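Basis for what follows: all heavy atoms, side chains included, without hydrogens, waters or symmetry-related copies. Worth saying up front: this structure is predicted, and the values here are computed from it rather than measured.
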Amino acid sequence: LSPVAALDDAMDAVLARNHFTKAGGSTALWDLAARSRDLTLAETLGGPFRTSVPIKCSLSGTPEHVRTAFAYARAQGFERFKVKVGLGVEGDV
């Protein structure tokens with residue numbers, strides 16, 4: 001698996017500060033390495049850590065909108081949330 005690690009390191013030099021782009025490329029490389037061994041990626045990395053991943057709901061907007069969306073999402077069964085607090089740099093600060 002060292003070729004994947006070497007390519008991952010090379011992406012660091014080219015994609016510095018582009019974490020989401022690098023994550024997609026890195027995931028694709030690891031998936032390709034796993035498939036070349038006829039294994040799942042989880043098996044290649046030592047087996048699954050868990051069998052399910054809870055889904056989160058992203059919330060943003062005005063305080064009123066976030067309150068309304070939060071109440072609706074809770075009623076739908078969501079228990080985990082990502083909240084964007086501002087509507088721009090000034091609002092974030």
Side-chain angles (χ1 to χ4, degrees):
L1 297 176
S2 58
V4 173
L7 289 169
D8 205 49
D9 289 342
M11 281 193 295
D12 283 337
V14 177
L15 297 172
R17 299 179 130 161
N18 292 291
H19 306 293
F20 290 114
T21 302
K22 183 178 180 269
S26 182
T27 301
L29 289 172
W30 283 106
D31 185 56
L32 183 61
R35 288 173 187 250
S36 73
R37 291 172 169 76
D38 203 26
L39 297 170
T40 67
L41 182 53
E43 292 167 332
T44 301
L45 297 175
F49 180 73
R50 56 183 154 205
T51 58
S52 66
V53 177
I55 297 173
K56 65 143 176 90
C57 180
S58 295
L59 303 171
S60 67
T62 64
E64 298 80 22
H65 176 78
V66 170
R67 272 193 290 278
T68 301
F70 175 76
Y72 178 78
R74 289 286 293 157
Q76 298 302 309
F78 284 93
E79 297 179 354
R80 289 166 179 79
F81 300 88
K82 174 184 175 186
V83 180
K84 169 109 170 65
V85 294
L87 299 176
V89 174
E90 289 181 28
D92 285 345
V93 172

Peer 1: Crowded around Phe81 CZ? As in, over 12 foreign heavy atoms under 6.0 Å?
Peer 2: yes
Peer 1: From Leu41 CG over to Leu32 CG, what is the distance, rounded to the nearest 0.5 angstrom?
Peer 2: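 Answer for the CG-CG pair, Leu41 versus Leu32, is 11.0 Å.
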Peer 1: Does any non-hydrogen side-chain atom of Leu45 lie less than 4.5 Å from one of Trp30?
Peer 2: yes
Peer 1: Counting neighbours of CG on Asp12 that are heavy atoms of other residues, nucleotides or ligands and sit closer than 6.0 Å, is the number greater than 12?
Peer 2: yes
Peer 1: Do Cys57 and Lys82 pass the side chain to side chain contact (heavy atoms under 4.5 Å, CB included) test, and can you show the C-alpha distance, the side-chain angles, and the key distance before you say yes or no?
Peer 2: CA-CA 6 Å; Cys57 180; Lys82 174 184 175 186; over 6 Å; no
Peer 1: So, for Ser26 and Met11, which heavy atoms are closest and what is the spacing to 0.1 Å?
Peer 2: N-CE, 3.5 Å
Peer 1: Specify the closest pair of heavy atoms between Ser60 and Val66, including all atoms of both residues, with the distance to one decimal.
Peer 2: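 For Ser60 versus Val66, the nearest heavy atoms are C-CG2, 3.6 Å.
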Peer 1: Taking all non-hydrogen atoms of both residues, which atom of Leu7 and which atom of Leu29 are closest, and how far apart?
Peer 2: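 The answer is CB-CD1, 3.7 Å.
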Peer 1: When rounded to the nearest 0.5 angstrom, what distance separates NE2 in His65 from CG in Leu59?
Peer 2: 7.5 Å
Peer 1: With rounding to the nearest 0.5 angstrom, report the CG to CZ distance, Leu15 to Phe20.
Peer 2: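 These two atoms lie 13.5 Å from each other.
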Peer 1: Can you tell me how far the OG1 atom of Thr62 sits from the CZ atom of Arg67, to the nearest 0.5 Å?
Peer 2: 8.0 Å
Peer 1: For residues Lys56 and Glu79, determine if any side-chain heavy atom of one lies less than 4.5 Å from a side-chain heavy atom of the other.
Peer 2: no
Peer 1: Please check this pair: side chain of Thr27 against backbone of Gly24, looking for a donor-acceptor N/O pair closer than 3.5 Å.
Peer 2: no
